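All of these numbers come straight from a predicted model, not from anything done at the bench. Lettering follows sequence order; numbering is per chain, from 1.
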Amino acid sequence: MATPTLEVRNLRTHFFTRAGVVKAVDDVSFSIERGKVLGLVGESGSGKTVTGFSVLGLVDPPGRIVGGSILFQGRDLAKMSEAEMRDLRGNRIAMIFQDPMMTLNPVLRVDTQMIETVLAHKKVSREEARQRARDTLGMVGIPSPDERLKSYPHQFSGGMRQRVAIAIALLHEPDLIVADEPTTALDVTIQGQILAEVQKLASTTGTALIWITHDLSVVAGLADDIAVMYAGRIVEQGAVSEVLDAPLHPYTYGLIGSVPSRNKRGEPLRQIPGMTPSLLNIQPGCAFRTRCPRPTQACLVEPEIRELAPGRDVRCFHPMSEPAERAA
Amino acid sequence: MSEAMTAARRALGDGEPMVELRGISRRFEKKLDFAGRIAKRLGANIREEIVHAVDNVDLTIRKGEVVGLVGESGCGKSTLGRVVAGILPPSDGRILRNGIDLLDRNATDAREMKLRTQMIFQDPYASLNPRMKVADIVGEAPLVHGITTRGGYDSYVDEQMRRAGLDPVFKRRYPHQFSGGQRQRIGIARALAVKPDFIVCDEAVAALDVSIQAQILNLFIRLRSELDLTYLFISHDLGVVEHISDRVVIMYLGRVVEEASSETVFASPNHPYTQSLLASVPRIESRKRAFAVVKGEIPSPLNPPPGCHFHPRCPHAMERCRVEKPELKEVAPGQRSACHLNDAA
């Protein structure tokens with residue numbers, strides 16, 4: 001088997017705040033191969049965004065990567081100098097953020113921003129760079145790209161702006177794209193269009209994609225693999241169909257049950273009691289213990305993530321195994 | 001059980017109308033400023049910008065019903081919700097609440113009827129006064145309206161908080177000391193404290209995490225049966241609407257395009273917009289599939305296309321759609337749709 005595009009091993013990113021150490025990412029491992037889509041799912045504060053930021057080396061003080069390795073095509077990003085990282089970022093690894101209004105410069109025309117990005121990593125003429133920008137805009141489904149290049153970001157609608165952001169990420173045909181909730185702010189019909197584009201791109205260009213979201217339904221249709229995060233840790237990962245059809249961790253099980261379409265209409269939803277713990281003071285032991293329907297004495301000790309079947313990891317002492325158990 | 005009951009009630013035409021909207025429109029105008037007026041007088045081609053946020057909507061909500069109002073951003077669903085809740089006066093049309101015209105200033109009942117309609121907002125961070133304690137947020141209105149007394153105030157507030165799933169111990173706290181889900185519970189307690197029988201929920205669960213969203217939806221379902229409430233549930237999330245609503249109303253650019261029972265809308269949608277909306281929704285059951293695509297963008301409500309608003313994006317658009325506005329007509333018992341295709345067939 002070829003080396004995966006990205007392999008994250010035991011990543012720890014902590015924030016050293018005045019109130020204490022926030023373990024935003026704590027012992028996270030995953031890998032992703034060429035042309036595959038990994039869905040990184042979790043609720044707010046689960047550490048999914050910080051994981052994405054860590055991969056791109058975008059964690060600012062008081063946060064820093066305190067342990068683990070991020071192997072990108074065999075090279076460890078966590079040990080790279082800022083200059084080396086700069087060379088990769090926007091070139092081989094790109095990021096798409098949730099709010100394109102925040103990531104595009106409002107006072108520069110789209111062509112200025114795109115040409116700048118091309119020239120940052122490639123020695124080409126300005127005209128070639130413009131050509132490349134135009135082609136990429138067309139590729140993400142922006143009509144009449146020649147005219148749209150001359151527009152400012154505020155002249156685009158939300159969906160079009162996100163397409164521009166995706167086009168910028170694609171300029172250098174990166175090997176890895178980290179997308180952080182890129183369709184959350186969009187309407188469903190527009191979200192559908194963007195997802196269709198992205199799916200096409202991943203399969204044709206061989207780009208590996210990390211899709212960070214809180215929406216299980218989006219991941220269900222888009223991703224190959226899924227990793228579920230809770231309180232800074234991956235609690236379960238595996239192939240999408242396995243994780244969603246036969247969840248092993250009680251949290252994944254509860255999360256799936258909370259999705260309205262999975263429940264009978266008008267009946268109460270199967271809910272997870274309580275709320276996500278503050279990352280500042282996680283009690284020792286399993287972080288999900290207080291909300292779990294079946295904690296035991298064993299859960300007072302932090303469970304290690306273990307491989308139950310090939311490619312199927314879970315961080316629980318009592319994974320849900322029996323179908324009857326799930327029905328209960 | 002409850003499903004069968006509501007279905008039966010609907011079939012019998014039972015459940016008296018609680019809210020009736022007749023020909024409701026709401027326009028927002030941007031008046032020309034001084035320079036603009038002078039330029040216009042000198043012959044410049046500028047005019048006042050008018051947005052038809054809600055365009056001639058008829059809607060009946062029966063007692064005990066949950067009506068889901070669905071649409072994408074800018075379709076006028078929130079504006080309509082505000083008009084129904086009495087926060088925003090309509091530009092045209094009448095609102096009847098239990099047969100009383102809410103816009104009739106002489107009707108003394110109108111005020112009481114407005115009190116019996118309450119609203120729950122999307123953003124639990126912006127809709128609570130950050131300088132008031134929870135007890136006052138919940139208790140102020142009932143005290144003003146004489147629903148509780150100074151003496152019974154404390155126990156009344158406790159009861160309201162407990163019903164919304166909040167511990168009364170926290171009533172001396174301020175909103176910022178609560179999480180998003182708890183804040184939404186405070187908003188619910190505040191709305192229910194004046195004993196309404198009709199609640200307008202405007203994207204009430206949109207800002208919450210999935211597991212918290214499920215908790216709040218369950219609270220809505222429980223309160224509905226406990227207090228015999230009627231809801232207008234506004235949301236862009238079709239999954240949520242499908243789960244909670246008896247009847248669904250779909251809006252597009254200020255107009256109602258389809259209206260039917262939940263089962264019908266999700267099983268056999270009639271309007272092309274409803275069909276494409278349903279096809280776009282990601283489903284947790286789906287696996288690695290090609291996402292359905294509706295072409296084009298939502299047009300600007302400032303300058304909506306003529307005829308049927310949906311025709312530039314519609315796969316079945318014909319010449320007639322470009323000129324003539326389709327009327328909302330009954331296409332099956334209890335299902336109304338505004339599409340010219342239904343005439344052709």
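Of all the listed residues (B:Arg222, B:Gln215, B:Gln213, B:Arg313), the one sharing the greatest number of non-hydrogen pairs under 4.5 Å with chain A is B:Gln215. By number of non-hydrogen pairs under 4.5 angstrom with chain B, the leading residue of A:Lys200, A:His214, A:Met160 is A:Met160. Taking chain B as the reference chain and counting heavy-atom pairs below 4.5 Å, the highest number among A:Pro268, A:Pro143, A:Ser157, A:Gly254 is found for A:Pro268.
Of the atoms belonging to B:Ile221, it is side-chain heavy atoms, and not backbone ones, that fall under 4.5 Å from chain A.
Of the N and O atoms on the side chains of A:Glu236 and A:Thr252, at least one donor lies less than 3.5 Å from an acceptor on the other residue.
Because its NZ or CZ atom is both nearer than 6.0 Å to the ring centre of A:Tyr253 and within 45° of the ring axis, A:Arg270 counts as a cation-pi partner of that residue.
By a heavy-atom distance cut of under 4.5 Å, B:Ser179, B:Gln182 are the residues of residues 176-183 of chain B near chain A, going up by number.
Surrounding CZ of A:Arg34 are at most 12 heavy atoms belonging to other residues, nucleotides or ligands under 6.0 Å away.
Using a distance-only test at 3.5 Å, with no hydrogens or angles considered, a donor-acceptor pair links the side chain of B:Asp167 to the main chain of B:Val169. Counting only distance, with no hydrogens or angles, the side chain of B:Ser245 and the backbone of B:Val241 share a donor-acceptor pair below 3.5 Å. Looking only at distances, a side-chain donor or acceptor of A:Gln162 sits under 3.5 Å from a matching main-chain atom of A:Gln98.
Under the 30°/60° scheme for interplanar angles, the aromatic rings of A:Tyr230 and A:Tyr251 are found to be tilted.
One finds the CD1 atom of B:Ile188 at 4.5 Å from the CD1 atom of B:Ile216 (value rounded to the nearest 0.5 Å).
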